Engineer: 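Below is one structure. I have some questions about it.
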Amino acid sequence: MSNSQLPTIFDPADIEARWYSHWEKTGGFRPERPDAEPYTIVNPPPNVTGSLHIGHALDNTLQDIVIRYERLRGKDALWVVGTDHAGIATQMVVERQMEDRQDKRTNYSREEFVQKVWDWKHESGGTITNQLRRLGCSMDWSREQFTMDPHFDRAVLKTFVDLYNDGLIYRDKRLVNWDPKLKTAISDLEVDTQDMKGSFWHFRYPLEDGVTLSDGRDYIEVATTRPETMLADMAVAVHPTDDRYASVVGKHVVLPITGRRVPIVADEHADPELGSGAVKITPGHDFNDFEVGKRAGIAAGDMLNMLDGNADVCQVSDGLVPDEFIGLHRFKRDGVDGAREAVVARLKVGGFLIPHIAKTKKGEEVEHDAEPRTIATPFGDRGGVVIEPWLTDQWYVDAEKLAAKPIEQVKSGEIEIVPTTWEKTFFNWMENIQPWCISRQLWWGHRIPAWFDTDGNVFVASNEKEAQTQAGDGITLTRDSDVLDTWFSSALWPFATLGWPEENQPLLDKHFPNSLLISGFDILFFWDARMMMMGQYNMGTAPWPKLYLHGLVRAADGSKMSKSKGNVVDPLGLIDQFGADALRFFMAAMESQGRDIKMDEKRVEGYRNFATKLWNATRFCQSNDIGASSVLKAPRARLAANQWIIGEVQSVCEEIEAAMADLRFDAASNAIYQFTWSKFCDWYLELIKPVFNGEADNPAAIETRVVAGWALDQIFVMLHPFMPFITEELWHAQATHSGDKRKYDLITASWPSPRAEISKEATDAIDWVIDLTTNVRSAKNELGIPPGAKLAAFLPSASGIAASTLARSSAAIERLARLTPVTIGEAPEGPAMQVTAGSDVFIVPLEGIIDIAEEKARLEKALVASQKEAKSLEGRLSNANFVERAKPEAVEKAKADFAHHSAEVGRLEEALGRLS
RNA sequence: GGGCGUAUAGCUCAGUGGUAGAGCACUGUGUUGACAUCGCAGGGGCCGGGAGUUCAACUCUCUCUACGCCCA
């Protein structure tokens, strides 16, 4: 008998690094399987500036589980990986580094700056990809992608030009979300609205000479949270049905400060219930006002714009902003008053401010300039400053048209969203989708393929030469300086990574559409929905048939993790502490559909313990000369324990397959966990220990070594998707132990396929031994008998199972139930404890050890419980409605349960009778 | 304002139309070589409140309450 070659202590760090580089070097992530069925997942490309956070850990663990599972099942599994150039984020990182060196972007030409970003990417862009490796992700690194790769560039250009030619991309002047810090437009999705404490000011706008309201007042009261924009007011709106103002609709007010004469218009936007019912209209700096302005007949080009790209006041086209305001920031910044404060001050001095009267706690009235109010304020998600609605020319995608087909596909089930609860959210957004602003005023990104002549005519083409051809010879062209929204290029990820738009791309032919997309719900609109649109537009089909959305990983207290809160859990720290396998298993076990995951380090620790348990089980096997198996099919077995474990392997395998088919990661991981620990370690290994007490080469020991080795191997395979490192290590340790008869890696092994016929007699026998053992242990515990005590037992009348099992498995019964010898026959008179197993009642004489009163109490407790069950079932069965209307199976089950409990009651009563 | 989700053991969470499970925590205990990162045994829940459908509801429907998220 050889000893275990495994170290006593399981050290994850050592084996993780070793196996990952081995897999990568030997091509384990993408074995050659030209004839196999494809299985394809594309990884949501992390920002090239990113580092692995806990959300990545969840997202990528789930994907790796799926891809490893499908690889083991023999598919041509491809997991596409790469990074996103992340326009704004990356440009910000490089600019910040320049700032640290007292340098800035504008010290360089565009080309020089872009080169610096590339330099940064080559130097520091690999952080996250190395961290994904530490997590064990089996991606195809040999084809690592980047959204600014030359072939990606071609895909982006072609998509833009095609969409433009089809009228689905257009240039428009309208209000955009302008980030005055980053000085670029952003899309609606990149705006975070937050409730902020602010003020609500009330002003008098004087009516034009002589005009009065019906109550005689010669002014209209308007209220606003943004007084500074009154410098660009172009109207006052009242509700069409508001009688207070009916007489002045069509008349004018003369604005204080600018003296501009603006009309009073009727528009449903004005809410009669809010404030005075009249609102100032600034079409150039408010989305609602923009629409009111359009309805009032003001063209976008004529709308007044009083702010520059920094959101500092500039002169408007009618020249009416007084000089003293020019150059002020829109509002107070860094302690310096802005246009807002200046406007309020001027209006107050001029008597146009209507003070807000508040009552103190003592009931005294106090005057304030403004009413305190909570304001939903838009912030840029990257820049973090308040967004300014700003009138500019930008490029837009007609998202409404592109959304039509994906909506249909989700409705028809052509695309399945898991869990389905997200469908409503998806439809809600897609059915109300707004034009997508895709141009960004940045330097880093895909430059828009549009050229302008000196008259502002635009020519869209995939290169300058074609644009020139369109424009004609001799026309001077200037390329649009803007770049595209990062999400425009990542929307092409499922096919651009596979070779589109080049011709003859076997990889693309085979792996598009992909098989599944896994993403967090937070990028459902940013990315998933746009891939659907672009997949349909470019490829004529959905990019994948199934979309799995998982939740967020939250801090232990349920709050969102954020750097500012300081509650961020670093996945790499958890890997260092517990191992990647434990972290991965945690993610899988906690991933139930439709729920966020709360961080729980104790649980990660528990899965590290699970890995240790498996490690030690393998050490035990090796010490008994149990080695690697060489067959896929279950070995032939005669021993009941061996047949039983084969049957259990088969059923856990089916359980995992069913769970994986439904993407129930929790169910799959729990199944293999329970099987490994509770079935294999706790029972099977204990049951087979006695087999190895005899001669090493007796037939029972030989059979058991083969079966145990096989079962352990099946555990490695089934657990591998969840815990790739330890399983690969143990797989090879087992192979080494049996003299290297198996040279291939677990990562490309085959999924179990037991196909065994298991006799019911064998499984019944083991279930009976387990029942007996559990009952003996429990009785001893309650009676205070030392667990190690070996006791003689009598079985007055033995069932068939009892007789045969006692004959064949007396060693296991001695070891586990600690009953020896067991005599079939009447027990001698005297104090004894009664223990059942199935329908058998064992009598264990305990002269001098046992307190009869205690044993009686124990049996009575059990009797009461059994009687209660029996009575409840009897009640149900005596209910005619139940017997007639319930499903026949339910009635049958109730009858069987009743019979079982009645018999139990009988046995217990008999046992009690013996004691009195 | 609109939409969605969640409320089950002390904690974190599964769950099925036939009266409940896991992990951790807790209590007691430790059977001479796989494992104390362990073993064995045990306690603990009128499954958020109310109403309805049903022979039967934690499970389906409605409603209320609380919490969370998204959109406006």
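Keep in mind the model is a prediction, meaning the values are calculated, not measured.
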Engineer: Is there a side chain to side chain contact (heavy atoms under 4.5 Å, CB included) between F521(A) and L552(A)? Walk through the geometry before answering.
Structural biologist: CA-CA 8 Å; F521(A) 65 74; L552(A) 255 46; 3.8 Å; yes
Engineer: In whole Å, measure the gap between the P atoms of G50(B) and U16(B) for me.
Structural biologist: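 Each nucleotide's P atom is 24 Å from the other's.
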Engineer: Do you see a donor-acceptor pair shorter than 3.5 Å between the side chains of N616(A) and R619(A)?
Structural biologist: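 Side chains of N616(A) and R619(A): pair found under 3.5 Å.
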Engineer: So does K868(A) get a side-chain nitrogen or oxygen closer than 4.0 Å to the phosphate oxygens (OP1/OP2) of U19(B)?
Structural biologist: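 Result: no.
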Engineer: In whole angstroms, how far is the C1' atom of C13(B) from the CZ atom of F586(A)?
Structural biologist: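 Going from F586(A) (CZ) to C13(B) (C1'), I get 11 Å.
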Engineer: Would you please indicate yes or no on a ring centroid separation below 6.0 angstrom for F722(A) and Y607(A)?
Structural biologist: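 So the answer is no for these two rings.
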Engineer: Atom CZ of F426(A) to atom P of C4(B): distance rounded to whole Å?
Structural biologist: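 Result: 17 Å.
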Engineer: Does T425(A) put a side-chain nitrogen or oxygen below 4.0 Å from OP1 or OP2 of C70(B)?
Structural biologist: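 No, outside the criterion.
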Engineer: Any stems for RNA chain B, made of 3 or more Watson-Crick or G-U pairs in a row, each with both distances under 3.5 Å?
Structural biologist: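 When the pairs of RNA chain B are grouped into runs of at least three, the stems are B:1-7 with B:65-71, B:10-13 with B:21-24, B:26-30 with B:38-42, B:48-52 with B:60-64.
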Engineer: Given G18(B), C24(B), A14(B), which nucleotide is nearest the side-chain atoms of S592(A)?
Structural biologist: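 When the side chain of S592(A) is considered, A14(B) is the closest of G18(B), C24(B), A14(B).
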Engineer: Would you mind classifying the nucleic acid contact of C621(A) as base, sugar-phosphate or nothing, using non-hydrogen atoms under 4.0 angstrom?
Structural biologist: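 The answer is nothing, as C621(A) stays clear of every strand by at least 4.0 Å.
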Engineer: Does Q593(A) make a side-chain donor-acceptor contact with the base of A14(B), cut-off 3.5 Å?
Structural biologist: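 Checked by distance alone, the answer is no.
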Engineer: Please give, in whole Å, the distance from G33(B) P to F620(A) CZ?
Structural biologist: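 About 11 Å, once rounded to whole Å.
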Engineer: Say whether, by atom type as modelled, one donor and one acceptor occur between the side chain of D557(A) and the main chain of S559(A) under 3.5 angstrom.
Structural biologist: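 Checking the backbone N and O of S559(A) against the side chain of D557(A), a donor-acceptor pair under 3.5 Å is found.
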Engineer: Give, for atom CE of M723(A) and atom CE of M718(A), the distance between the pair rounded to the nearest 0.5 Å.
Structural biologist: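 Rounded to the nearest 0.5 Å, the CE-CE separation comes out at 14.5 Å.
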Engineer: Take atom CZ of R603(A) and atom C1' of U12(B), then tell me their distance rounded to the nearest Å.
Structural biologist: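 So the two atoms are 6 Å apart, to the nearest Å.
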Engineer: Please confirm whether the shortest side-chain N or O distance from K424(A) to OP1 or OP2 of G3(B) is below 4.0 Å.
Structural biologist: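 For G3(B), neither OP1 nor OP2 has a side-chain N or O of K424(A) closer than 4.0 Å.
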Engineer: Quick check on RNA chain B: between D188(A) and L873(A), whose nearest nucleotide comes earlier from the 5' end?
Structural biologist: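 Result: L873(A).
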Engineer: How far, in whole Å, is G17(B) from G1(B) if one measures between their C1' atoms?
Structural biologist: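 The answer is 38 Å between these two C1' atoms.
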Engineer: Along nucleotides 36-41 of chain B, 5' to 3', which nucleotides get a B, which get an S, and which get a -, given that the test is a protein heavy-atom distance under 4.0 Å?
Structural biologist: -BSSSS
Engineer: Strictly below 4.0 Å: does R664(A) bring a side-chain N or O up to OP1 or OP2 of G15(B)?
Structural biologist: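 True: R664(A) side-chain N/O within range (under 4.0 Å) of G15(B) OP1/OP2.
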Engineer: How is N879(A) classified with respect to the nucleic acid when contacts are heavy atoms under 4.0 Å: base, sugar-phosphate, or nothing?
Structural biologist: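 The answer is sugar-phosphate, as N879(A) gets under 4.0 Å only of primed atoms, P, OP1 or OP2.
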Engineer: Return the value, rounded to whole Å, for the distance between atom OH of Y607(A) and atom P of G23(B).
Structural biologist: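 So the two atoms are 9 Å apart, to the nearest Å.
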Engineer: Does R608(A) make a cation-pi contact with F578(A), if we ask for NZ or CZ under 6.0 Å from the ring centre and within 45° of the axis?
Structural biologist: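 No cation-pi geometry.
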Engineer: For the residue pair F665(A) and Y548(A), does the interplanar ring angle fall in the parallel (under 30°), tilted (30 to 60°) or perpendicular (over 60°) class?
Structural biologist: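 Ring orientation, 0 to 90° scale: perpendicular.
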Engineer: Return whichever of D666(A) or Y673(A) has its heavy-atom-nearest nucleotide of RNA chain B closer to the 5' end.
Structural biologist: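 The answer here is D666(A).
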Engineer: At 4.0 Å (heavy atoms only), tell me whether E686(A) reaches a base, stays on the sugar-phosphate, or touches nothing.
Structural biologist: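 Base, at least one base heavy atom under 4.0 Å.
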Engineer: Using modelled atom types only, decide if a donor and an acceptor are shared between the side chain of E291(A) and the backbone of F287(A) within a distance under 3.5 Å.
Structural biologist: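 No, E291(A) side chain to F287(A) backbone: no donor-acceptor pair under 3.5 Å.
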Engineer: As an exercise, state the distance from CG of D581(A) to CD of E728(A), rounded to the nearest 0.5 Å.
Structural biologist: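 The CD atom of E728(A) is 11.0 Å from CG of D581(A), to the nearest 0.5 Å.
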Engineer: Hey, does the side chain of K560(A) come within less than 4.0 Å of C70(B)'s phosphate (OP1/OP2), counting only N and O?
Structural biologist: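 Looking at the OP1 and OP2 atoms of C70(B), one of them is under 4.0 Å from a side-chain N or O of K560(A).
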Engineer: Rounded to whole angstroms, how far apart are CG on D195(A) and P on C71(B)?
Structural biologist: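 Taking CG of D195(A) and P of C71(B), I get 13 Å after rounding.
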Engineer: Calculate the interatomic distance between E423(A) atom CD and C4(B) atom P; express it in whole Å.
Structural biologist: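 Answer to the nearest Å: 13 Å.
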Engineer: Between A66(B) and C40(B), how many Å separate the two P atoms, rounded to a whole number?
Structural biologist: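 Each nucleotide's P atom is 46 Å from the other's.
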Engineer: Please walk me through it: do E190(A) and S187(A) pass side chain to side chain donor-acceptor pair (under 3.5 Å)?
Structural biologist: CA-CA 5 Å; E190(A) 290 160 278; S187(A) 74; 2.8 Å; yes
Engineer: Would you verify whether the NZ or CZ of K613(A) falls within 45 degrees of the ring axis of Y673(A) while also being under 6.0 Å from that six-membered ring's centre?
Structural biologist: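 Judged by the rule, K613(A) and Y673(A) form no cation-pi pair.
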Engineer: Assign K887(A) to base, sugar-phosphate, or nothing according to its heavy-atom contacts below 4.0 angstrom with the strands shown.
Structural biologist: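 Result for K887(A) = base.
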Engineer: Return the value, rounded to whole Å, for the distance between atom CD of Q674(A) and atom C1' of C13(B).
Structural biologist: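 About 14 Å, once rounded to whole Å.
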